Amino acid sequence: MATPLEQWVDQVASQTQPKNIVWCDGSDEEYERLVREMVDDGTLIELNQQLFPGCYLHRSHPSDVARTEHLTFVCTEKKEDAGPNNNWMPPKEAKEKVGALFRGAMRGRTMYVLPYLMGPPSSPYARVGVEVTDSPYVAVSMRIMTRMGKVALERLGSSDDFVKGQHSLGDLNPERRFILHFPEERDIWSIGSGYGGNALLGKKCFALRIASYMARFEGWLAEHMLIVGVEEPNGRVTYLTGAFPSACGKTNLAMLVPPPSQKGYRVWTVGEDIAWMHLDEVGQLRAINPEAGFFGVAPGTNWKTNPNIMKTIQRNTLFTNVALRPDGTPYWEGLDENPPAECLDWQGRPWTPQSETKAAHPNSRFTAPARQCPSMSPYWEAPEGVPISAILFGGRRASLIPLVFEAFNWQHGVFLGAVLSSETTAAQSGAVGVVRRDPMAMLPFCGYNMGDYFAHWLQMGQRMPQPPRIFRVNWFRRDEHGNFLWPGFGENLRVLRWVLARVHGEAEAEETPIGYVPRVKDIDLDGINVTRDTLRKLLAVDRLGWLENAGAQAEFLKQFGDRLPRELWEENEKLIRRLQSSVTVG
Ligand code: GTP
Ligand code: SPV
Ligand code: MN
């Protein structure tokens, strides 16, 4: 008798007609063979093996460089279950329309079957997915990003408890590109893109969109969050998670290196993009990182801003859409103070500092094994996860949003997450720098109606005797000349220290209409080039600006109609009342 997995693979094969089928076991030999084949056919370019052993460059199709949210769909039976936050097609229509594109799509190509595990192998929270793909680049990337092959097959056995993902490069034409999710059947169909979040189906498609749907029914949370442990000089380690939209600093915060003046502090990385969080038997929220690798943003990454990731990506790393220097090493904007005199840009064209285009694509990325990161926590694969004491919501905001403030309570914190806003980045196709609301940094990733998602968050709070404290952070506030007011990166530790002190009841704060804001004296400015005056600006609460903002928040929340929990609407009303009374007094 064929297993459910074998039956499904047969079915996809008869639909897509590959010339052959390769079941991947996840071994080193298999990885090396696939890499060799891709170097031979030009899919990968070998980098300088003395300086970057095991590292390769991949150039994607120039129209296929970021997630395409307008081509991403959640196909629930009922439209309102997908919500205003998702594009929607009826499942039957979607399968007919996109099924036509899958028909014969793998002719002349090899189909790779990739069984994978999201979560540490020993964790009760780990889940099995299987991706079939005609892209060997996807196969080797999934080997880095997940626990792939034998370990997943062993876990699955002959069960049908796995998330099915079928992927084909198709013809890479955006007109025929679709990323479809069928959360009610736990299926993913992706065609026409080879790019990360569109094609590595374990990541955003499974671990966020499908998993968030499962989590709602099963009573847990699947979130776009980093997970980090901060060790203080006394040895105490406190774990927190942080939801920041794409390209807003999760990877950097997850592996922060304290500046020299912050002696005795240490940061332990557990995860840098996705957190699965469950309640343990005493109602403590615990987080696991479902991934085994990093798919991180290259531009802006250097030995000063993030030495830990720089160490991680010196070997066994795939670079996508970065520039190539004549000595066979990778380059991107912000890597060195001085750009190379000449190189090949991300499309392989000659580039010099005089060129008007960027050398690397703004969303160029690296794919690297997490275990190579020097700051990985000894508990990063702990089966039960790490206990979470605080949750940060952050985004890029040039004005209005203070460096940090704390929610009054869980419900107010959920509200802060629900109205999270950020300026858009190159991580998704479309305009960059436009302010948009991105609730919990999950707008592109929530696999169901966000009104229901907010209700689920509120409910989770009621199941926790001591829910994590919730904070809003913003490293990106600017002065009138457009310069960042806050140096960011390692210096963000100074903000985390206030967060920890609040968690442990060791710091005071000023109660303002928007939440608890630190006083200037509460943030350590020793050994940093930030004046008390600048810090005052960073922490300022512009009451009139906030009143206007509350109006915009109301508009945003309205779209969820009767699916919006009444509590969140009330939080906005209460905010307005607090602001109004303080404006007239002040
Ligand atoms: P995704 O992988 O897209 O989910 O992104 P991410 O949230 O992990 O973002 P990442 O840490 O890769 O940072 C994205 C960009 O923001 C990089 O260019 C960083 O150099 C920059 N960045 C990160 N932290 C800071 C900071 O504290 N201040 C400033 N000014 N820039 C930062
Ligand atoms: C993001 O865009 O948030 C990423 C990269 O982490 S991707 O996997 O492409 O979604
Ligand atoms: Mn991400």
Side-chain angles (χ1 to χ4, degrees), residues 60 64-69 72 138 141-142 145 179 190 193-209 223-228 242-257 259 269 271-275 291 293-306 308-310 313 320-321 332-335 360-368 392-398 403-404 422-430 432 438 441-445 473-478 482-496:
S60 74
D64 186 28
V65 292
R67 281 182 295 102
T68 40
E69 294 176 3
T72 302
V138 166
S141 299
M142 285 291 284
M145 294 304 298
I179 297 95
S190 168
S193 168
Y195 170 77
N198 293 337
L200 310 179
L201 302 186
K203 196 171 174 58
K204 299 300 161 81
C205 300
F206 175 0
L208 289 179
R209 296 194 192 96
E223 300 297 328
H224 191 205
M225 287 181 174
L226 69 103
I227 312 165
V228 80
F244 309 168
S246 303
C248 290
K250 290 183 298 301
T251 303
N252 277 269
L253 193 69
M255 39 195 89
L256 178 155
V257 177
T269 310
E272 53 80 74
D273 197 48
I274 299 178
E291 303 191 276
F294 309 142
F295 181 59
V297 177
T301 302
N302 62 52
W303 287 100
K304 281 209 193 91
T305 55
N306 192 346
N308 280 321
I309 202 72
M310 290 301 287
I313 62 179
T320 301
N321 295 336
W332 50 81
E333 274 69 21
L335 173 61
H361 188 276
N363 192 38
S364 53
R365 293 199 176 234
F366 48 76
T367 311
L392 315 181
F393 291 118
R396 287 177 185 264
R397 287 299 303 270
L403 179 64
V404 58
S422 189
E423 291 141 20
T424 51
T425 65
Q428 61 283 326
S429 64
V432 169
D438 187 348
M442 282 288 277
L443 180 68
F445 307 121
V473 298
N474 177 26
W475 321 138
F476 300 93
R477 206 162 177 172
R478 295 180 195 248
N483 302 313
F484 289 121
L485 284 165
W486 181 249
F489 301 103
E491 306 294 355
N492 293 334
L493 178 73
R494 297 170 194 269
V495 175
L496 297 186

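For ligands, and for the atoms within them, numbers begin at 1 and follow the listed sequence. As the structure is a prediction and not an experimental result, all values here were calculated from the model.
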Chemist: Quick one, T68 and S193 - any side-chain contact, counting heavy atoms below 4.5 Å?
Modeler: no

Chemist: Distances under 3.5 Å, N/O of ligand 2 against N/O of the protein: list each pair and its distance.
Modeler:
residue	atom	partner	partner atom	Å
ligand 2	2 (O)	R67	NE	3.1
ligand 2	2 (O)	R67	NH2	3.0
ligand 2	2 (O)	S246	OG	3.1
ligand 2	3 (O)	K204	NZ	2.5
ligand 2	3 (O)	H224	NE2	3.3
ligand 2	3 (O)	S246	OG	2.5
ligand 2	6 (O)	K204	NZ	2.7
ligand 2	6 (O)	D273	OD1	3.4
ligand 2	6 (O)	D273	OD2	3.4
ligand 2	8 (O)	G197	N	3.4
ligand 2	9 (O)	Y195	OH	3.0
ligand 2	9 (O)	G197	N	2.8
ligand 2	10 (O)	R67	NE	2.9
ligand 2	10 (O)	K204	NZ	3.3

Chemist: Can you tell me if D438 uses its side chain to pair, donor with acceptor, with the backbone of M442 under 3.5 Å?
Modeler: yes

Chemist: Has W332 got a side-chain atom pairing as donor or acceptor with T301's backbone, closer than 3.5 angstrom?
Modeler: yes

Chemist: Within 45° of the axis and under 6.0 Å from the centre of the six-membered ring of F445, does NZ or CZ of R209 qualify?
Modeler: no

Chemist: Output the distance between atom OG1 (T320) and atom OH (Y195), rounded to the nearest 0.5 Å.
Modeler: 8.5 Å

Chemist: Atom CZ of F489 and atom CG of L256: how far apart are they, to the nearest 0.5 Å?
Modeler: 10.5 Å

Chemist: Examine distances only and state if a side-chain atom of T72 and a backbone atom of I179 form a donor-acceptor pair shorter than 3.5 Å.
Modeler: no

Chemist: How many angstroms lie between CZ in F244 and CG in L226, if you round to the nearest 0.5 Å?
Modeler: 5.5 Å

Chemist: Can you list every protein residue that has a heavy atom under 4.0 Å from any atom of ligand 1, sorted by chain and residue number?
Modeler: H224, P245, S246, A247, C248, G249, K250, T251, N252, D273, F295, V297, P299, G300, R365, R396, W475, F476, F484, G488, F489, N492

Chemist: Can you list the protein N, O or S atoms less than 2.8 Å from the Mn ion (ligand 3)?
Modeler: K204 NZ, H224 NE2, D273 OD1

Chemist: Can you confirm whether the side chains of N474 and W486 place a donor and an acceptor under 3.5 Å from each other?
Modeler: no

Chemist: Is the closest side-chain heavy-atom distance between S60 and H361 below 4.5 Å?
Modeler: no

Chemist: Should F206 and L201 count as side-chain neighbours, where that means a heavy-atom distance under 4.5 Å?
Modeler: no

Chemist: What residues form a side chain to side chain contact (heavy atoms under 4.5 Å, CB included) with P362, not counting sequence neighbours?
Modeler: A426

Chemist: If you define the side chain from C-beta out and look only at heavy atoms, does anything of K203 sit under 4.5 Å from D273?
Modeler: yes

